[in-house]
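Below you'll find the structure, written out as C-alpha cells, and then a few comments.
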Amino acid sequence: MTVGGWITMLLSVGFVTGFFAWCVYKVLVIKRPSEDFHGMDIDTRDTDSDD
Amino acid sequence: MRKTGSSEKWTSHVGVILAVAGSAVGLGNFLRFPGLAAQYGGGAFMIAYFISLLILGMPICWAEWTMGRYGGQNGFNSSPGIFQFITGRAGGRYLGVMSILIPVIIYMYYVYIEAWCLGYAVNFMIGDLDFPTKNVDAYSSFWAGFVGAGEDGSAVGFKYNQVGFYLIIVFILNFFIIYRGIARGIEFFCKYAMPALIVLGIIVLVRVLTLDSPIPDKPEQNIVNGLGYMWNPRDLSEQLLNPQLWLAASGQIFFSLSVGFGVIITYSSYLSNKDDIVLSSLSASSANEFCEVALGGMIIVPAAFMFLGQVGVKDQGTFDLGFKVLPLVFSKMPLGGLFGFIFFFLLFLAAMTSSLSMLQPGIAFFEEGLGLRRRQSVTLLGMITALGCMFIVYFSKDVKALDTVDFWIGTFMIFVLALIQTILFGWVLGVRKGWEEVHRGAAFRIPDFVKFVVKYISPLYLLGIFSLWVLFELFGWRPDTGEFIVTGYVADLLGSKDQAPNIVARMSVGMIVVVAVFLGMMISLAGKRWVNDGRNRRKEVSR
C-alpha cells in the first residue's frame, strides 16, 4: 500500500466516521421540544368505526 | 384551509433519522461502491465522490426534506399532492407519477434481490454454500440455479436452495411492517435493524482486518495489499480528467443517498415544523456514508483480494462481486459459514430497510388521494407489486427483466425526478422560501453560500451528469474514437444491425408504461377529490 493509499483511506474513512460521530452526538445532546409533543400519534384508519 | 393530512407521525427524532438512513443504506453501499472506487483508482474516485456529495447529494437532500415537510405541514403526504401544492397548479400533481412509479417499480425487483440475500444467509447457516470445489464456477452455478438465470420460469421453486421460498417470506414481511404504519411499522423496524446492521458490519470488518495473510503460499495477498488495491491512487490527474469517473462518482452519491426516489419527500412529510430537518438529513446521510465508505470500502474488495488476488476482483459487476465472488471468499475463510451468514444477513437488513421505504409513497398516495383505508391501500399496492414481481421473477433468464427495469427506472427515471425536484425547490418554491422552511426548528444554520449552490450549481451539475449519462449509456458515445455505438439497452428495445429487439426487454418497458398510465389515472381521480375538498389551491396553513 502506497503513502497515497494510506492518506486516501485515512482521510476518507476518518471523514465519514467523524461526520457520523458528530451527527450522533448532536442528535443525542440537542433537546427538541417537538419530541415532547409527539407520542403514539398513530392512525392506521382501520380503527375507524365504519370499517 | 383545513389541514387534512394523515395523522401519522414519527414518534422520535432518532426514529426518522434511522428510517431515512435505512432507506439510503442498501446493497449499493456494500457491493457497488467498493467496486467503483477500486476500478477508478481509489484517490481520484474519492475526490470526485466527496465533491459530488457536497454540491449534489446534500443540497438535493435538503431540498427533498424541505419540500416534504412543507407539503406535510399543509396537509399533503403524497408526492402528487405535495407537487400540486408547491407548483400551485393542478398539472403539478402529474409530476408525482414519477415519484410513485419509481419506488413501486424498484420494489418489484428489489424484493427479489432481498430474497437472494436472505436465501444466501440461510444457505450459509446450514452449510449448503461450503462446496468442496473452491472456485468461482461452483458459486456462479449455484447463483444461476438459485435466481433462475439459466431459463425463464426456473426461479419459481420453493426448495431451500431456490429463491421462491425466500421471496414469499420477504414479501409478506415487508407488507406486514408497512401495514403497521409509520411509527409501529417502519420506525420500529428501523430502530432495531439499523443499529444491528452497523454492529454486524463492524463484526465482519474486524474479521477481515485481522486475517493478515490467509493463504500461506501467497504472502503478497495480505490485508495491507488488499487495502492498497482498494485505496491506492492510480493516475490521479489523468483519472480526474476522465468524464466517466465523474459520472460514476456522482451517480454513486446520487443513488446511495436515495435522492430522486420519491421516498425522502414522503418520509419527511410526516415531520412537524418543530423537527430539525437540517440535522436529520445530515445524520441520515452521515450514517449512509459511514456504512458505504468505512464499512463497504474496508470489507469487500480487501477480503476478495486476499483470497482471490487482483484477478478475482478486477472489473466485477455488483451481482458478480456480491453473489459469486464473496460467497467463495467466505467459504475459504476460517469460520466462513458464520461470517457468510452474518454478511448476507447484514445485506438482507440493508435491503429490507430500503424496500420498506419504497412502499410508503404508494401507500400515502392511495390513502390520501383515493381515500382508501390502510388495509385497502396495502392490498391494492400488494397486488400491483406482486404482479410486477412475478413478471420479473418469471423472466429470470440472464436476469433480463430485472436488468432492463433497473436501467430505465432505477437509473434513467431517477435522474429525471431529481432534476425536477431540484428545479421545483430552487426555482418554483424559491430558495428564499425554501431557506425559511429548511431552518424551521433547526438548531443550526446551513451556510448561506449553499443557497447559490442549490439554485444554480446543483441543477447545472445534475444536468451535466445526466447529459453525459445519456451520451454514454443511451447513444453509446466513445470519447476515444468519437463514434456512436448503439448500447445494449437501446438495442434491446429498438434492435440494431447486429441484434433483433429483445421481447422480454420490450415487455419490461411495457409493464412500466402500464403502471405509469394506471398511476396517472389514479392521480386524475385524486385531483377531482382534492378539487371537491377545496384542496387544489395553494394556501398555506398558518403556523
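Not measured: the values here are computed from a predicted model. Within every chain, numbering begins at 1; the chains are lettered A, B, ... in the order of the sequence lines, protein sequences first and strands thereafter.
Nearest heavy-atom pair across Trp231(B) and Thr8(A) is O-CB, 3.7 Å. Scanning all heavy atoms of the two residues, the minimum distance from Val16(A) to Val293(B) falls at CG2-CB, 3.8 Å. For the pair Asn225(B) and Met1(A), the tightest heavy-atom approach, listed with the atom from each and the gap, is OD1-N, 3.8 Å. Taking every heavy atom of both residues into account, Pro233(B) and Gly5(A) meet most closely at CD-N, 3.3 Å.
Put simply, the side chain of Tyr49(B) does not reach to within 4.5 Å of the side chain of Ser12(A), judged on heavy atoms. Here the side chains of Val27(A) and Ile17(B) are in contact, with some heavy-atom distance below 4.5 Å.
In this structure, Arg234(B) CZ and Thr2(A) OG1 are separated by 9.5 Å, a value rounded to the nearest 0.5 Å. Going from atom CZ of Phe15(A) over to atom OG of Ser286(B) covers 9.5 Å, rounded to the nearest 0.5 Å. The CZ atom of Phe20(A) lies 10.5 Å from the CG atom of Asn288(B); values are rounded to the nearest 0.5 Å.
Contact tally against chain A (heavy-atom pairs below 4.5 Å) for Gly228(B), Ser377(B), Ala37(B): the top residue is Gly228(B). Chain B forms more heavy-atom pairs under 4.5 Å with one residue of Val3(A), Leu11(A), Thr17(A) than with any other, namely Thr17(A). Of all the listed residues (Leu227(B), Leu295(B), Asn232(B)), the one sharing the greatest number of non-hydrogen pairs under 4.5 Å with chain A is Asn232(B).
Taking the six-membered ring wherever Trp is involved, the centroid distance between the rings of Trp22(A) and Phe290(B) does not fall below 6.0 Å.
Residue-environment remark: CZ (Phe444(B)) exceeds the threshold of 12 foreign heavy atoms within 6.0 Å.
Looking at Phe50(B), the atoms closer than 4.5 Å to chain A (heavy atoms on both sides) all sit in the side chain, from C-beta outward. If you measure heavy-atom distances from Ile223(B) to chain A, you find no contacts under 4.5 Å at all. Heavy atoms of Ala287(B) lying under 4.5 Å from chain A belong to its backbone as well as its side chain. Contact of Met230(B) with chain A is not made at all, since no heavy-atom distance falls under 4.5 Å.
Tyr40(B) is linked by a ring pair (Phe, Tyr, Trp, His ring centres under 6.0 Å) to nothing, counting only residues two or more places apart in sequence or in another chain.
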